[in-house]
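Written out below as structure tokens is the structure these notes cover.
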Amino acid sequence: MVDYVIVGAGAAGCVLANRLSEDRDVSVTLLEAGGADWHPFYHMPAGFAKMTKGIGSWGWDTTPQRHMNGRVLRYTQAKVIGGGSTINAQIYTRGNALDYDAWAQEEGCEGWSYREVLAYFKRAEDNQRFVDDYHSYGGPLGVSMPISPLPICDAYFRAAQEMGIPYNHDVNGARQEGVGFYQLTQRNARRSSAAGAYLDPVRDRPNLTVRTDALATRIVVENGRAVGVEIATGGAAATMLRAEREVLIASGAIGSPKLLLQSGIGPADHLKAAGVPAIHDLPGVGANLQDHLDLFVIAECTGDHTYDNVAKLHRTLWAGLQYLLFRQGPVASSLFETGGFWYADANARSPDIQFHLGLGSGIEAGVARMKNPGVTINSAYLRPRTRGTVRLAGADPRAAPLIDPNYWSDPWDRHQSIAGLRIAREILRQKAFAPFILAERLPGADKASDDDLFEYGCRHAKTDHHPVGTCRMGHDQDAVVTPDLRVRGIEGLRVCDASIMPKIVSSNTNAPTIMIGEKASDMVRGREALPAVRLGANRADAGARPGSRESAG
Ligand SMILES: Cc1cc2nc3c(=O)[nH]c(=O)nc-3n(C[C@H](O)[C@H](O)[C@H](O)COP(=O)(O)OP(=O)(O)OC[C@H]3O[C@@H](n4cnc5c(N)ncnc54)[C@H](O)[C@@H]3O)c2cc1C
């Protein structure tokens, strides 16, 4: 028996384990289905290139996507200590201030406005460079500037500015729009995962137990209260771990609804169909799945302008040496450290497209690799109207879930995705890129019509790995948790991870999830929320737009 059982040692779970075990009078057990982060690839920034290709993940796919010609997409989700923060591209972005203000004002999630959550972003971070209204240092999470950019990154910045997209030195600061270097979850040229940042420094706390290879198969509910979880370890019979105070689910936007459903908490009709005895009819569990779908342009370079050639043996050896001796070079690059935000819809309330400049081709699984060095610009539409689902394939807790992001079911999303792809392509065609680019290879210059680009998208689009929303917070009948993250209708049970977002944020999702873990920990401990950060007025909509005076294009 322990006080708190946390299920899932991902981005949020590690934060919770650290913060809750600060109180020496309570005992905390953190359960993780995956293994330890022993492999060096987890710690080297460039190890990301291996991450979507099998290591540390569940190996899931989507269901056939009805609005994408039936395509099944690979759906990488982490299964390792640190969760997504151990296998992600380390891009540190927070979204737009208006995302959080919408949670508070439109979704009824009191306490989650931008100024209120900003205090938690700041508590988490140990920023290498910025200290201002938006940033801080001294927190657990290393946040650093890229170490190994290449001249082609500057070409990208110049090209974007030629199109009227401004340069932005901090997309997490006063303005989100513009291109620039991202900051990365790294410290001293090593990945700063939630496990490295929040768990490693406190492993010796006697009141904290971390169990890897421990799959929670069911939340045990007695008389309307969660009293523990059933755990399967290896081939052994399931054991039960009781929680005196609370069970905290932090299994991610796919894993958390899956675990609730396996436990009989979810839409009664689906549970019946799946053969799981229902104990609490909660229709919203597993609904409201949102994700960022990614389209990309790949060009072949005129020379060795990216890191593609590092794959050659002698270059790999030199890169390894460079990293070991100097903490520099290709291995210190996450390969996606340059990017930015802009508008597909000039009237959107805030930027609705995100770009990533990939310093190579074929970096992620399923993405084509050029024979000669290539460069990639990814674009993702940030505020999809589409909603998908996570469902059970059956009653076996070890079976893969049915993940249906339902991409492009809303034609608006398809339209905006294609508009974003066109902007990415336009950036590559600017004068500043000319010395670096031989020719666009994908989609290919001959693919010009919307129909061509739709077909291209159906064949090549990929997830940006940002599922959220499947246990969304709110007060209505379809909300799964209330804004204090308690599961509606069950005592002693909260969900604290990316799944609670009512609407997806306009960026990558790791930093927002770490913020959720920080804020959740204060809620669970019964502490007062941090005071909201005071900012000047109108910070959110001060930026440039297509066609605005500040925009040159
Ligand atoms: C390949 C990839 C690249 C990404 N790139 C970026 C990026 O560059 N920047 C960014 O901001 N975001 C990125 N993300 C997204 C980001 O990492 C996630 O949003 C974040 O990790 C979500 O945190 P979470 O705590 O909700 O879930 P996760 O981090 O996924 O953690 C959930 C954990 O729970 C465990 N678990 C699940 N079910 C059970 C169970 N039944 N029993 C025990 N344990 C269980 C899982 O194994 C996992 O470790 C990326 C994600 C991926 C997968």
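What's counted below: heavy atoms across the whole structure, side chains too, no hydrogens, waters or symmetry copies. Counting convention: from 1, in listed order, for ligands and their atoms alike.
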If you scan protein heavy atoms around atom 20 (C) of ligand 1, the nearest is A11 CB, 4.0 Å
When you look for heavy atoms under 4.0 Å from ligand 1, do you find them on the side chain of K258, its backbone, both, or neither? neither
Short side-chain donor-acceptor distance under 3.5 Å, N88 and R191: yes
Would P397 count as a contact of ligand 1 if the rule is a heavy atom under 4.0 Å away? no
Any heavy atom of A194 under 4.0 Å from ligand 1? The part involved is neither
Can you tell me which portion of T52 lies within the under-4.0 Å heavy-atom range of ligand 1? Options are side chain, backbone, both, or neither. side chain
In terms of its nearest heavy atom to atom 25 (O) of ligand 1, the top option of G35, A12, G82, G339 is A12
G84 heavy atoms, cut-off 4.0 Å: which ligand 1 atoms fall inside? 17 (O), 21 (O), 28 (P), 29 (O), 30 (O)
Could you tell me whether S507 approaches ligand 1 through its side chain, its backbone, both or neither, with non-hydrogen atoms closer than 4.0 Å? neither
What protein heavy atom is closest to atom 39 (C) of ligand 1, reported as residue, atom name and distance in Å? S251 OG, 3.8 Å
Looking at non-hydrogen atoms alone, which of G8, G83, A78 comes nearest to atom 46 (C) of ligand 1? A78
Starting from atom 53 (C) of ligand 1, locate the nearest protein heavy atom and write down its residue, its atom name and how far away it is, to 0.1 Å. T76 O, 3.5 Å
Could you go through H169 and F130, starting from their C-alpha distance and side-chain angles, then the distance that decides it, and tell me whether this counts as ring pair (Phe, Tyr, Trp, His ring centres under 6.0 Å)? CA-CA 10 Å; H169 78 287; F130 302 136; 5.6 Å; yes
Close-contact set for ligand 1 against G252 heavy atoms, below 4.0 Å: 26 (O), 27 (O), 32 (C)
Considering the heavy atoms of L215, write down every atom of ligand 1 situated less than 4.0 Å from one of them. 40 (C), 41 (N), 42 (N)
Test Q183 against every option in N127, D170, T93 by the side chain to side chain donor-acceptor pair (under 3.5 Å) rule and name the one that passes. N127
Using a 4.0 Å heavy-atom threshold (strictly under), name the region of W58 that reaches ligand 1: side chain, backbone, both or neither. side chain
Can you tell me which residue and heavy atom of the protein come closest to atom 44 (N) of ligand 1, and the distance to 0.1 Å? A33 N, 3.1 Å
Taking only heavy atoms of T509, which atoms of ligand 1 are found under 4.0 Å from at least one of them? 10 (C), 11 (O), 12 (N), 15 (C), 16 (C), 18 (C), 19 (O)
For atom 5 (N) of ligand 1, what's the nearest protein heavy atom and its distance? N88 CB, 3.0 Å
Using a 4.0 Å cutoff against the non-hydrogen atoms of N508, which atoms of ligand 1 qualify? 7 (C), 9 (N), 10 (C), 11 (O), 12 (N)
Short list, please: which atoms of ligand 1 are under 4.0 Å from a heavy atom of A214? 42 (N), 43 (C)
Taking the six-membered ring of W103, is the NZ or CZ of K503 close enough (under 6.0 Å from the centre) and on axis enough (within 45°)? no
Those atoms of ligand 1 less than 4.0 Å from some heavy atom in I91: 7 (C), 8 (O), 9 (N), 10 (C), 11 (O)
Under a 4.0 angstrom heavy-atom cut-off, which atoms of ligand 1 come close to S85? 17 (O), 21 (O)
Distance from atom 52 (C) of ligand 1 to nearest protein heavy atom, with residue and atom: H465 CB, 3.3 Å
Between D99 and Y114, is any side-chain donor less than 3.5 angstrom from a side-chain acceptor? no
State whether R383 and D352 are salt-bridged, where the test is any N-O pair (Lys NZ or Arg NE/NH1/NH2 against Asp/Glu carboxylate O) under 4.0 Å. no
Taking only Lys NZ, Arg NE, NH1 and NH2, and the carboxylate oxygens of Asp or Glu, determine whether R242 and E222 approach each other closer than 4.0 Å. yes
Proximity to ligand 1 by part of T513, non-hydrogen separation under 4.0 Å: side chain
Please work out whether any backbone atom (N, CA, C, O) or any side-chain heavy atom from C-beta onward of V80 is under 4.0 Å from ligand 1, and answer side chain, backbone, both or neither. backbone
Starting from atom 11 (O) of ligand 1, find the nearest protein heavy-atom neighbour and note its residue, name and distance. N510 N, 2.8 Å
Among all protein heavy atoms in this structure, tell me which lies nearest to atom 49 (O) of ligand 1, with the distance rounded to 0.1 Å. E32 OE1, 2.7 Å
As a quick check of understanding, evaluate ring pair (Phe, Tyr, Trp, His ring centres under 6.0 Å) for F121 and Y134, giving each step before the final call. CA-CA 8 Å; F121 278 114; Y134 305 95; over 10 Å; no
